[in-house]
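Start at 1 and go down the list; that is how both ligands and their atoms are numbered. Source: prediction; values computed, not measured.
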Amino acid sequence: MTSYFFVALSKYPIPPLVYRSKEPLQIGSRVIVPVRNSKRVGYIVDRAHEPSFKTREIVEIIDKEPIINKNMLLLAREMSKKYASPIGEILDLSFPPSRLKGSKAKKKKDKYITLKASISDILKSRLGSRELELVELLLELNTIEYSAVLKKIPRSTIQSLIRKGFIEIVEFEGEMPPKKIVHMNENQKKIVEEILSDNRRTHLIHGVTGSGKTEVYFEIADKILSSGKRVLFLVPEISLTPQLLMRTKARFPQYKIGIYHSSLGSSRKREWDRAINGETDVLLGTRSAIWIPIKDLGLIVVDEEQDESYKQYAMRPYYNAVDVAQRRAEIEGAIFVLSSATPRVETYHYAHIGKIVLHEMLSRPFGKMPKIFVVDMRHRKGEILSNELVREMDKVARDGNQTFLFVPKKGFSTRVQCLDCGYTFSCPNCDVALTYHRNQRILKCHYCGHVETLPNKCPICGSKNVARGGVGTEKVELEVSKIFPGLRVKRIDREEINNVEALEKVLKEISQMKVDVVVGTKMITKGLDFPRVALVGMVDADHTLAMPDFRAAERTFQLISQMSGRAGRGVAGRVIIQSREPDNPALHSIVTGDSDDFYRSELERRKALGYPPFKELILLTSLGKTPKIAKERIEKVKMELEKGPFEILGPVESPIFKLMSVYRYQILLKCDDLTKSVEFLTKHLTQKTLGFDLINALKIDVQPYSTF
Ligand code: ADP
Ligand code: ZN
Ligand code: ZN
């Protein structure tokens with residue numbers, strides 16, 4: 001008997017097509033079907049009635065048993081609607097990419113120091129000041145490399161603590177430090193219980209960095225694991241560092257820990273296999289891990305829920321893994337926890353009106369919050385590091401501690417300009433200024449990778465009066481070396497550190513105190529715990545404040561708070577923020593330490609201007625080989641949208657008008673009802689109504705992270 005099925009094509013973003021088959025087939029299986037003159041993989045997503053048009057036959061069945069279970073199919077169906085993306089494209093996300101490059105990880109043997117006795121036992125005895133110093137360090141971090149400790153603490157102190165049975169030296173291959181004993185405090189216990197008893201609502205743990213949030217969700221995970229269920233930890237891209245993996249392994253030595261992110265190379269497929277075969281108990285992964293069909297999922301935790309890497313914005317489909325996770329947890333009946341020191345403004349709002357359950361952790365169990373100062377950089381021409389910052393760096397270095405300097409952009413000079421005619425050297429493919437890289441003596445585009453040599457005269461007026469302005473990481477690195485020739489400086493940005501091994505290496509050097517000053521981009525703001533960072537300097541806080549985007553203030557606030565969280569974990573910390581806008585509310589609330597104040601004023605502003613969470617946004621971007629084509633396209637789109645249930649802003653040129661030789665215009669929709677609005681788009685924006693191919697010429701970003 002012939003039956004008919006809706007087949008969603010893989011890697012071919014169009015709505016499902018109807019095919020016929022003589023064999024019985026199950027929904028959720030993969031098949032091979034003919035498409036025009038080729039054959040493609042597709043997913044059976046539904047049964048169909050015999051259509052009035054002619055159908056083609058399914059050529060081959062890949063899975064006898066459905067590989068996509070009911071829950072994942074339901075999730076995919078909903079997300080396909082929500083993000084106006086064909087369901088096949090969403091289902092593709094549940095599989096690891098097929099073409100993979102190899103990468104090898106080496107295993108080494110290292111000596112570590114770790115606490116042996118419980119904290120209360122240790123505190124009962126009288127300790128010398130050096131002994132106390134080491135115990136505090138170990139309380140802060142689980143384990144510290146022996147060689148790093150030796151740099152700071154005399155051998156005799158270590159020996160004495162070992163004799164008292166308080167600490168021990170352990171040696172192990174790979175990265176498996178022993179379990180640290182943590183006794184939850186009353187607040188932590190309460191939060192753990194409240195969350196364990198409610199798997200129906202979203203929970204937010206809002207607490208400053210170092211307040212013990214990770215310990216709380218580890219404790220919850222422990223309970224879930226012992227009930228036989230599995231756990232998924234979603235983490236931001238850059239913070240998936242060896243540190244977090246080590247800590248998770250240490251906390252759950254009896255369970256199998258999996259890891260899943262895009263730079264895994266050939267082991268990604270293996271990790272995926274393990275996860276879907278039920279061999280992995282705890283999966284630690286970046287945004288794509290949310291789509292892995294793990295069985296018996298009991299808990300999903302999203303760490304640093306505000307992180308923009310959860311939003312896939314550069315590649316179809318444009319989803320936000322936090323929102324997908326929320327829905328997935330609901331479908332699976334899993335507990336769902338968001339964790340952040342600086343939640344998104346939307347999340348904060350929902351937590352405070354009761355849509356999300358709020359759990360606050362206001363203080364650090366050990367260590368103090370750093371003191372924060374703003375240095376007014378107005379009227380200080382040419383000064384990269386203020387006197388105030390230099391003086392503080394000097395003091396920190398003399399105490400044998402470390403300084404982290406945050407610089408928003410990599411490179412040396414972020415702008416090269418002709419002083420006579422004002423021409424700014426910009427990328428021929430993109431509408432952005434080129435960055436000067438001093439070491440290679442080149443100009444480089446950070447969007448498309450275009451490279452050119454630094455010309456000695458202006459291409460417009462021929463003047464030799466060409467100046468390099470704007471401060472990048474390389475320039476700050478050089479400046480630090482000039483002012484402090486004796487200090488060891490390390491630069492951390494995507495230019496210098498471009499793979500996990502390089503990151504691992506430099507993190508190790510920092511923890512072994514082989515580095516005095518770290519100069520870095522956003523890569524250094526997250527998830528890294530180093531006990532001896534006594535000073536954090538924000539070299540240019542104005543950069544993110546000046547972004548033409550509704551999240552500019554929120555981003556600045558989050559960035560500085562995260563950065564401040566790096567300081568004072570083991571030693572008393574200070575934060576110095578250099579800004580030409582010292583009175584900006586985002587900076588103001590950071591200095592006063594009143595984050596509620598920031599959220600309140602930001603929410604008021606968003607309400608007045610009609611931004612999330614009060615209105616939902618959809619960003620439509622048309623693409624064209626010439627400005628004219630791109631403009632005609634966006635105008636057609638606008639015509640189709642006129643009767644839609646939303647407010648239309650634009651069209652305008654996109655903030656980066658030309659990107660990789662493609663011109664872009666955009667329209668922003670402000671919606672009261674997101675579902676209705678997306679439905680309207682899906683219905684009215686088609687190849688038929690618009691007369692051009694949607695997939696390549698129009699980007700529809702539902703709930704864009706930014707409008708930039
Ligand atoms: P967060 O996730 O909020 O940044 P962590 O959970 O990483 O905070 O906690 C910061 C440090 O304090 C960690 O070293 C952690 O092991 C330790 N810690 C947290 N809670 C306790 C506790 N109740 N007793 C002892 N140490 C704790
Ligand atoms: Zn010129
Ligand atoms: Zn470019």
Does ligand 1 have any atom sitting under 4.0 Å from a heavy atom of Asp303? no
Counting from 1 in the order shown, the ligand 1 atoms closer than 4.0 Å to a non-hydrogen atom of Asn185 are 23 (N)
Do Tyr599 and Phe557 have ring centres separated by under 6.0 Å? yes
Going by the closest heavy atom to atom 23 (N) of ligand 1, which one wins out of His206, Gln188, Lys213? Gln188
Ring-ring centroid check Tyr663 Tyr665, cutoff 6.0 Å: no
Could you see which bit of Val182 sits under 4.0 Å from ligand 1, with heavy atoms only: side chain, backbone, both or neither? side chain
Please list, in number order, the atoms of ligand 1 under 4.0 Å from a heavy atom of His183. 22 (C), 23 (N), 24 (N)
Answer yes or no as to whether an N/O/S atom of Cys445 is found below 2.8 Å from the Zn ion (ligand 3). yes
Heavy atoms only: give me the nearest Ile195-Val337 pair and the separation to one decimal. CG2-CG2, 3.7 Å
Is it true that Arg247 lies under 4.0 Å from ligand 1, counting heavy atoms only? yes
Of Gln306, His352, Glu305, which is the lone residue that meets side chain to side chain donor-acceptor pair (under 3.5 Å) with Thr347? Glu305
Spell out, as yes or no, whether a donor-acceptor pair under 3.5 Å connects the side chain of Arg664 to the backbone of Ala630. no
Working to 10°, measure the angle at the Zn ion (ligand 2) formed by atom SG of Cys418 and atom SG of Cys421. 110°
One residue to check: Val208. Relative to ligand 1, which of side chain, backbone, both or neither has a non-hydrogen atom less than 4.0 Å away? backbone
Rounded to 10 degrees, the angle SG of Cys458 makes with SG of Cys461 at the Zn ion (ligand 2): 110°
Distance flag, aromatic centroids of Tyr705 and Tyr313, threshold under 6.0 Å: no
Hey, does Ser211 sit under 4.0 Å from ligand 1 if you only count heavy atoms? yes
Any idea which atoms of ligand 1 are less than 4.0 Å away from a heavy-atom of Gly212? 1 (P), 3 (O), 5 (P), 6 (O), 8 (O), 9 (O), 19 (C)
Cut-off 3.5 Å, side chains only: do His203 and His359 have a donor facing an acceptor? yes
What is the minimum heavy-atom distance between Asn187 and Glu360, and which atoms define it? ND2-O, 3.2 Å
